[in-house]
Amino acid sequence: MGEKIKTMIASSEITSETNYLSRRDFIKAAGLFLGGAGLLAACDTTFPPVSEPSLSPTTTLPSQDRLTTYEDITNFNNYYEFTPDKTRVASLAKDFRVSPWNIEIGGLVHKQKTLGIEDVLSKFPREERVYRLRCVEGWSMVIPWMGFELNQILKEVEPMLSAKYIKFTTLNDPEQMPGLNSGFYPWPYSEGLRLDEAMHNLTILATGLYGKELPNQNGAPLRLVVPWKYGFKSAKAIVKIELVAEQPPTFWNTIAPNEYGFYSNVNPNVPHPRWPQMTERRIGETGRRPTLFLNGYAEEVGHLYDGMNLVENY
Ligand SMILES: Nc1nc2c(c(=O)[nH]1)N[C@H]1C(S)=C(S)[C@@H](COP(=O)(O)O)O[C@H]1N2
Ligand SMILES: [Mo]
């Protein structure tokens with residue numbers, strides 16, 4: 001596996017070989033988001049850590065990984081509320097309204113909250129996280145997200161001892177999202193995590209990518225990213241986060257429980273009835289590469305599954 005490197009360093013090294021924004025533009029964009037003159041100064045000479053991460057931001061990014069282009073990340077999307085056609089999500093989501101937007105955080109918590117998206121952006125400064133995203137259909141990307149750790153928001157609401165799982169619910173607005181008129185699916189799109197998975201420092205809520213605002217097609221204004229799980233766990237357009245006692249039902253698990261388990265950890269050793277899991281196609285590249293156990297994040301998150309049979313708990 002690759003060398004252990006800081007996320008920030010990883011992205012700056014990769015930057016020179018991609019069409020990433022020039023460093024100057026990136027710094028400008030980051031400053032714009034944060035409105036922080038101090039941060040701008042601090043970022044002047046090195047590639048900008050936009051804020052100090054609350055916990056170690058290290059991650060394994062094998063040196064052969066290159067950032068997927070902005071073009072590909074924003075024009076090849078899964079977002080069934082708009083369309084199952086990956087190449088049409090961007091145009092259908094073009095006028096999606098991301099403001100005003102409220103996120104309700106409740107359930108088994110001591111301090112229930114409803115935050116406007118602008119409160120979220122100002123309360124939880126974002127940092128860059130470069131993560132691999134592996135879709136269960138057999139393709140993958142490397143994405144420079146902007147976001148903050150989910151545990152920051154969870155600590156604010158003070159989970160009760162009885163809370164064991166988190167349920168994420170996303171927007172259900174058929175007027176804006178044409179796919180919602182398809183009666184077959186158990187709308188709204190929902191997802192879930194075990195509380196310890198949600199608290200892990202690799203789990204983020206993303207509000208941007210490539211140093212820019214999060215594009216609508218990628219889940220604006222707020223989207224979950226859990227890099228060691230298949231892409232469908234990363235719910236887009238979140239409006240509600242609930243702490244619950246029991247494992248919650250989820251969208252894909254409800255549709256086809258034999259194909260999509262609750263855990264859905266990336267695992268080349270657990271076959272899928274329709275798609276290859278041993279190898280993947282990196283978008284923008286030719287050929288296929290081996291899929292890594294836990295998407296290459298085993299060192300960081302493997303302990304969450306100690307003693308669990310990951311073939312049974314797929
Ligand atoms: N609300 C919602 N979130 C969703 C989906 C969706 O259809 N609706 N698709 C998922 C799937 S299958 C994948 S692979 C990722 C794709 O994210 P991207 O388009 O930003 O690459 O989003 C996930 N989040
Ligand atoms: Mo996916």
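Each ligand, and each atom within it, is numbered from 1 in the order the structure gives.
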Sub-4.0 Å heavy-atom approach of Ala235 to ligand 1: yes
Part of Glu81 with heavy atoms under 4.0 Å of ligand 1, whether side chain, backbone, both or neither: side chain
Sub-3.5 Å N/O-N/O distance, Trp145 and ligand 1: no
Shortest reach to atom 20 (O) of ligand 1 by a heavy atom, considering only Gln217, Glu191, Arg223: Arg223
Salt bridge (charged side-chain N to carboxylate O under 4.0 Å, His left out) contacts in which one or both residues fall within residues 282-291, not counting sequence neighbours: Asp65-Arg282, Asp65-Arg289, Glu280-Arg282, Glu285-Arg289
Partner of Pro188 under side chain to side chain contact (heavy atoms under 4.5 Å, CB included), chosen from Leu180, Asp173, Leu171, Asn172: Asn172
Sub-4.0 Å heavy-atom approach of Lys233 to ligand 1: no
Stepwise side chain to side chain donor-acceptor pair (under 3.5 Å) check, Trp145 with Tyr210: CA-CA 6 Å; Trp145 299 108; Tyr210 264 108; over 6 Å; no
Heavy atom of Ala237, distance to ligand 1 below 4.0 Å: no
Non-hydrogen side-chain atoms of Trp228 and Glu197 separated by less than 4.5 Å: yes
Nearest-option assignment for atom 4 (C) of ligand 1, heavy atoms, candidates Tyr189, Trp252, Tyr79: Tyr189
Nearest non-hydrogen partners of Leu108 and Ala245, listed with the distance: CD1-N, 3.5 Å
Polar contact flag for Trp139 and ligand 1 (N/O pairs, less than 3.5 Å): no
Selection from Ser234, Ser140, Gly231 by shortest heavy-atom distance to atom 13 (C) of ligand 1: Gly231
Distance-only donor-acceptor check, side chains Ser140 and Arg132, under 3.5 Å: no
Stepwise salt bridge (charged side-chain N to carboxylate O under 4.0 Å, His left out) check, Glu118 with Lys123: CA-CA 8 Å; Glu118 60 290 341; Lys123 257 181 117 94; over 6 Å; no
For Cys135, atoms of ligand 1 separated by under 4.0 Å from a heavy atom: 14 (S)
Taking atom 18 (P) of ligand 1 as the reference point, the nearest protein heavy atom with its distance: Lys236 NZ, 3.5 Å
Sequence neighbours excluded - salt bridge (charged side-chain N to carboxylate O under 4.0 Å, His left out) pairs with any residue from residues 78-95: Lys86-Glu137
Heavy atom of the protein closest to atom 9 (N) of ligand 1 (residue, atom name, distance): Asn78 O, 3.2 Å
Atoms of ligand 1 close to Tyr80 [distance to a heavy atom under 4.0 angstrom, numbered from 1]: 6 (C), 7 (O)
Short side-chain to backbone donor-acceptor contact, Asp119 and Leu115, under 3.5 Å: no
